[in-house]
There are 2 protein chains.
Amino acid sequence: MAQAPEPTTSEEDFSLLKLENQLCFPLYAASRQLTKAYQPYLRELDPDLTYPQYLVLLLLWEHQEMTVKELGENLLLDSGTLTPLLKRMEQKQWVSRRRDPRDERSVIIGLLPAGEVLQKPACSIPKGLLAHLEISTKELATLRRLLDHVIKKLT
Amino acid sequence: MAQAPEPTTSEEDFSLLKLENQLCFPLYAASRQLTKAYQPYLRELDPDLTYPQYLVLLLLWEHQEMTVKELGENLLLDSGTLTPLLKRMEQKQWVSRRRDPRDERSVIIGLLPAGEVLQKPACSIPKGLLAHLEISTKELATLRRLLDHVIKKLT
DNA sequence: ATAAATTTAATTTTACACAATTAAACATTA
DNA sequence: TAATGTTTAATTGTGTAAAATTAAATTTAT
């Protein structure tokens, strides 16, 4: 008797720890792969343009100028990430950086002509990428809705 | 005449360039937010444990040992990322690194006792995180399916 | 107005992430 | 087996990412 392989009465559920059962991993991997897929398109605009820099441009194309804080709120990035990134964009003459005269603590990032002219050639990027994904409009909307939900719950 | 505001006959479609209309940004933001949400849980296991290191442990808890190449294939990370990460994990005595005697080019990463004992306390992490998300099982499955599709198309 | 608390951007530190290159080891083929 | 080509991990260089700290400016309360 008692030769049964002892099922460890309080057996831990390790199955939730398998990579395939995680949500975070596919999110993490899909994000990196999609960012990587952007690269050749961004390189065409400028060999130095990175994806996070492109996100800054997307915002500035809409608003012309924003504070570092506003950029961070929109992109969910902090100044420790944005400051060096914006300094590189300043060197490329894509943006200007200056203190807000009404509040010397804030730095206003402004869109410069060299950054502005990148907008038109960037127009073809979204369509090009969507073609890679081979995803229906409906599923795309579902995906975006679910991702927005995740962001909302975690922010 | 010709005082009309010249509607630029070939008006570019800038609306696709708005941040809110992008797929990549929510993916990018959701990934970072979810990784950030993992932090307090991982800190409880060990203050030095990072999310990518946790992913390596998830694989080693399943397979005990894998080559760097196999880890990279599973995580979609290259050796330039994994090598320094694995060296840090080696210093923590979580994993061992040794050449494959049958193929001296390959480095085999093995799970050490100090890495193994982290598995049991890690079991509660997935449930804790899912609670944050407030997402139904069905929607979670949909999200994972769509993310897997994205990964598949881009890899 | 002045001290204290708060806000904000910058700085510092650590850790990914990946393209490009290098170098070593292995495999193939003549 | 010797030359060639391939595979693989490591290295190098650049660019995020984010927590923690610092410092300056502003606001608030006295």
Side-chain angles (χ1 to χ4, degrees), chain A residues 24-25 28-40 42-43 46-56 66-73 75-92 94 97-109 154-155, chain B residues 24-25 28-40 42-43 46-56 66-73 75-92 94 97-109 154-155:
Chain A
C24 191
F25 173 67
Y28 167 75
S31 171
R32 282 185 295 110
Q33 295 303 108
L34 189 49
T35 297
K36 209 182 295 183
Y38 264 89
Q39 269 227 29
L42 299 179
R43 285 241 170 129
D46 187 293
D48 296 326
L49 180 59
T50 66
Y51 179 69
Q53 290 172 12
Y54 170 70
L55 292 179
V56 169
M66 299 174 80
T67 64
V68 174
K69 181 184 168 69
E70 287 169 339
L71 286 170
E73 282 171 350
L75 300 177
L76 304 179
L77 291 170
D78 75 12
S79 68
T81 300
L82 287 173
T83 295
L85 182 156
L86 293 169
K87 283 181 174 174
R88 278 187 284 273
M89 294 181 77
E90 185 184 31
Q91 286 183 345
K92 297 286 293 184
W94 293 334
R97 284 160 29 87
R98 66 180 195 284
R99 294 276 168 183
D100 184 342
R102 291 169 306 175
D103 182 346
E104 294 280 338
R105 290 169 302 180
S106 295
V107 169
I108 298 176
I109 306 301
L154 296 179
T155 306
Chain B
C24 191
F25 173 66
Y28 168 73
S31 171
R32 282 183 296 109
Q33 295 303 108
L34 190 49
T35 297
K36 207 183 295 184
Y38 264 88
Q39 269 227 30
L42 299 178
R43 287 242 166 128
D46 187 292
D48 297 326
L49 181 60
T50 66
Y51 179 69
Q53 290 172 11
Y54 171 71
L55 292 178
V56 169
M66 299 174 81
T67 64
V68 173
K69 180 183 169 65
E70 287 169 339
L71 287 170
E73 282 170 351
L75 301 178
L76 305 179
L77 291 170
D78 74 14
S79 68
T81 301
L82 287 172
T83 296
L85 182 157
L86 292 168
K87 283 181 175 173
R88 280 187 284 272
M89 295 180 76
E90 185 184 30
Q91 287 183 344
K92 297 286 293 187
W94 292 334
R97 284 160 29 88
R98 67 179 195 283
R99 295 275 168 182
D100 183 342
R102 292 168 306 177
D103 183 346
E104 294 279 338
R105 288 169 303 182
S106 295
V107 169
I108 298 176
I109 306 300
L154 297 179
T155 306

By the 4.0 Å heavy-atom rule, please label [X] as base, sugar-phosphate, or nothing.
X: A/Arg43; answer: sugar-phosphate
X: A/Arg88; answer: base
X: A/Thr81; answer: base
X: B/Leu77; answer: sugar-phosphate

[X] vs [N]: side-chain N/O to OP1/OP2 distance below 4.0 Å:
X: A/Lys92; N: D/dG15; result: no
X: A/Thr50; N: D/dG15; result: no
X: B/Arg98; N: D/dA9; result: no
X: B/Tyr28; N: D/dA17; result: yes

Spacing between B/Asp78 atom CG and D/dT8 atom C1', to the nearest angstrom: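 One finds 12 Å between C1' of D/dT8 and CG of B/Asp78, rounded.
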
Contact nearer the 5' end of DNA chain D, comparing A/Asp48 with A/Gly80: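 Going by which nucleotide is closer to the 5' end, it is A/Asp48.
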
Candidate list A/Asp78, A/Ile108, A/Leu86, A/Leu77, test side-chain contact (heavy atoms from CB on, under 4.5 Å), partner A/Val68, passing option: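 It is A/Leu86, the one option of A/Asp78, A/Ile108, A/Leu86, A/Leu77 that forms the side-chain contact (heavy atoms from CB on, under 4.5 Å) with A/Val68.
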
Selected nucleotide, minimal atom distance to A/Thr67 side chain, candidates C/dA19, C/dA9, D/dT16: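 Among the listed nucleotides, the one closest to the side chain of A/Thr67 is C/dA9.
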
Nearest listed nucleotide, side chain of B/Thr83, among C/dT11, D/dT11, C/dA17: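 Per side-chain heavy atoms of B/Thr83, the pick is D/dT11.
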
Whichever of A/Lys36 and A/Val107 has its nearest DNA chain C nucleotide further upstream toward 5':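 On the 5' side of the pair lies A/Val107.
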
Donor/acceptor link under 3.5 angstrom from B/Ser79 side chain onto base of D/dA10: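 Side chain to base: pair present.
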
